[in-house]
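What follows is a short report on a single structure.
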Amino acid sequence: MATYSPKRAAAEFRHSSSGGARSTPSPMKRDDATSPLAPENIADSRDRRVRVRSFFSFFNLQSLDESRVYAHVCNSKIAVFAIGVLILVGLVSVSSVFNRFSAPYLCKKDGIVLRCPRVKEPTSLWENPYSATTSWKPCSERRNNAIADLPSENDTVGYIFIHAEGGLNQQRIAICNAVAVAKILNATLILPVLKQDQIWKDQTKFEDIFDVDHFIEYLKNDVRIVRDIPEWFTDKAELFTNIRRTVKNIPKYAPAQFYIDNVLPRIKEKKIMSLKPFVDRLGYDNVPPEINKLRCRVNYHALQFLPEIEHMADQLVSRMRNRTNSTNPFMALHLRFEKGMVGLSFCDFVATRLEKVLMAMYRMKEWPRRFKDGSHLWSLALQKRKEGRCPLEPGEVAVMLRAMGYTKETHIYVASGQVYGGQNRMAPLRNMFPNLVTKEELAGKEELDGFRKHVTSLAALDFLVCLKSDVFVMTHGGNFAKLIIGARRYMGHRQKSIKPDKGLLSKSLGDPYMGWATFVEDVIVTHQTRTGLPEETFPNYDIWENPLTPCMCRT
């Protein structure tokens, strides 16, 4: 005999009920003999109702307990699931809030100053990751026991003379290249003249910036260098204007063989030749390795600033580290956002309508060939920003540094000219990083007055402070940033140098749907390998930014 099952009984009852319902005649046929309402069937119907009622009573008593238990179990599971979901959501929310504590948009605004939550900066922010694993050391310094095999001044093939054009760093590269060309040609180098140009209106001489005695002494075994044009040469004033004594049309990044084939015969004939122009007129991968090593020797060892410049720079570094009565690491930021750089970039920036009109007029005046009628500039600006070829604005730099983990307590030294847009443009950076100073704020007016007569001297102070900072951040290309990053690499890759991925930043900052956490992750991951670590050399590499070989050797 089959055992009783409430579930089976319920199923059978539902089946029988549904079947009966389907076979029951329409209630409109009340006179039908089969209708339970017919007079002769009333008694039978009452008996059936009693039996059905007793069946329901039995079924309800049996199934009620099970349904209650089942409902209780289901409700318990739902409650547990709901609690789990709430806990998970809570954890995610807490984690999200915690991770976004350093987001610039969550800082409390107090007047024009943003009060950001205090977040402890990890040590890794101030150290170059994996620097301890590098095995490279500088090896382009001169050998103390080397014997000079240079011919006498009268026995060299002749003299070469250059004007080092541009700003301090262009001049520095030109001087290094001039020494290298003199070595290639076995010529005597006349001390280069620092030439004034239309941007850097400065009459600084070589001896106003660099230690001439050290320069000549340190290179005495490599190249013969004299301070001035020989006395027997009478037309000194015409040296640079006399076309017969000037070598022009030197191609950019020319190989060593070009100088041997085209310049050496003219020096032998005329005895003194000037080279014009002389910016980036010597290649990197098409010259002998010893010539590249000589250029590093000039850049990192022979070219030293005057002692007073070195001393003032050391004072600025010391003041940066002791601004809060304790030794602090500090960051140096090379902020390239001067009016000339903004104009030359032909990029578009956040600005008022008046500022855009004035910038268009400035570009049309300074670069008429590139400006043309201005119709193509919008598409050009979009393309350059997408490719990461536009200078970073101060506000963009601030968001990038905050994403990397640097807090408002970070001390930042700004090496920059007059920022285009003034204090309004600098406001986002200053709000997020209030401990931001320039050399004018670190030093008194009297201390800097002695350097103001030479713009190049002030640039030299910025150069040295950036070189000695714990972290160096560039915002745009240029010789200044290349030389700083290269020098910090040459010193052993220990110091961190951040080279922003401007293409990534342009894409991310232009995405209105990107959350802060995603942006932080992208910035951190992308810049893990952009901190001045060793890089393999490649054809046409830039020795000033990457002096790995042949200027460095494995330990």
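Quick note: numbers below take in every heavy atom, side chains included, and nothing from hydrogens, waters or symmetry partners.
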Between the main-chain N or O of [Y] and the side-chain N or O of [X], is there a donor-acceptor pair closer than 3.5 Å?
X: K502; Y: L392; value: no
X: E338; Y: Q418; value: no
X: S497; Y: T531; value: no
X: H214; Y: H301; value: yes
X: R336; Y: P391; value: no
X: N128; Y: H493; value: yes
X: T410; Y: Y406; value: no
X: R370; Y: L344; value: yes
X: R266; Y: M273; value: no
X: T156; Y: A187; value: no

Under the ring pair (Phe, Tyr, Trp, His ring centres under 6.0 Å) test, residues paired with [X] that sit two or more places apart:
X: H376; result: none
X: Y420; result: none
X: F215; result: F206

Qualifying residue for side-chain contact (heavy atoms from CB on, under 4.5 Å) with M491, from Q495, R494, R489: Q495
Go through the structure and list residues passing side-chain contact (heavy atoms from CB on, under 4.5 Å) with [X], not counting sequence neighbours.
X: D449; answer: K445, R452
X: A351; answer: E355, K356, R425
X: K271; answer: W232
X: E290; answer: P288

Tell me the closest heavy-atom pair linking [X] and [Y], and the distance in Å.
X: I184; Y: A256; answer: CD1-CB, 3.8 Å
X: A254; Y: N286; answer: O-OD1, 3.9 Å
X: V350; Y: E393; answer: N-OE2, 3.5 Å
X: R369; Y: K372; answer: O-CG, 3.2 Å
X: L125; Y: V471; answer: O-CG2, 3.5 Å
X: V437; Y: L442; answer: CG2-CG, 4.0 Å

Between CE on residue M552 and OH on residue Y300, distance to nearest 0.5 Å: 8.5 Å
If you measure from CD on Q304 to CD1 on I309, what distance do you get to the nearest 0.5 Å? 12.0 Å
Would you check if [X] and [Y] make a side-chain contact, meaning some heavy-atom pair closer than 4.5 Å?
X: I267; Y: I272; answer: no
X: M400; Y: L504; answer: no
X: L464; Y: E310; answer: yes
X: P500; Y: L505; answer: yes

In short, ring pair (Phe, Tyr, Trp, His ring centres under 6.0 Å) pairs touching residues 243-279 with sequence neighbours left out are Y253-Y284
Can you tell me which residue pairs pass the ring pair (Phe, Tyr, Trp, His ring centres under 6.0 Å) test with a partner in residues 331-364, sequence neighbours excluded? H334-F480, F337-F349, Y362-W367
Salt-bridge contact [X]-[Y] (side-chain N to carboxylate O under 4.0 Å):
X: R281; Y: E165; value: no
X: D542; Y: K482; value: yes
X: K507; Y: E387; value: no
X: K220; Y: E217; value: yes

Distance flag, aromatic centroids of F330 and W126, threshold under 6.0 Å: no
Give every residue pair that meets the side chain to side chain donor-acceptor pair (under 3.5 Å) criterion with at least one member in residues 460-469, sequence neighbours excluded. D314-K468, Y413-D462, K439-D462, S469-R488
I'd like to know whether CG of D261 has more than 12 heavy-atom contacts from other residues, nucleotides or ligands below 6.0 angstrom. yes
For atom CE of M361, is the number of surrounding heavy atoms from other residues, nucleotides or ligands below 6.0 Å larger than 12? no
D222 pairs by salt bridge (charged side-chain N to carboxylate O under 4.0 Å, His left out) with which of R297, R142, R143, R295? R297
Restricting to pairs with a member in residues 544-555, which pass salt bridge (charged side-chain N to carboxylate O under 4.0 Å, His left out), not counting sequence neighbours? K499-E545
Inter- and intrachain pairs under disulfide bond (SG atoms under 2.5 Å apart), touching residues 242-309, at least two apart: C296-C551
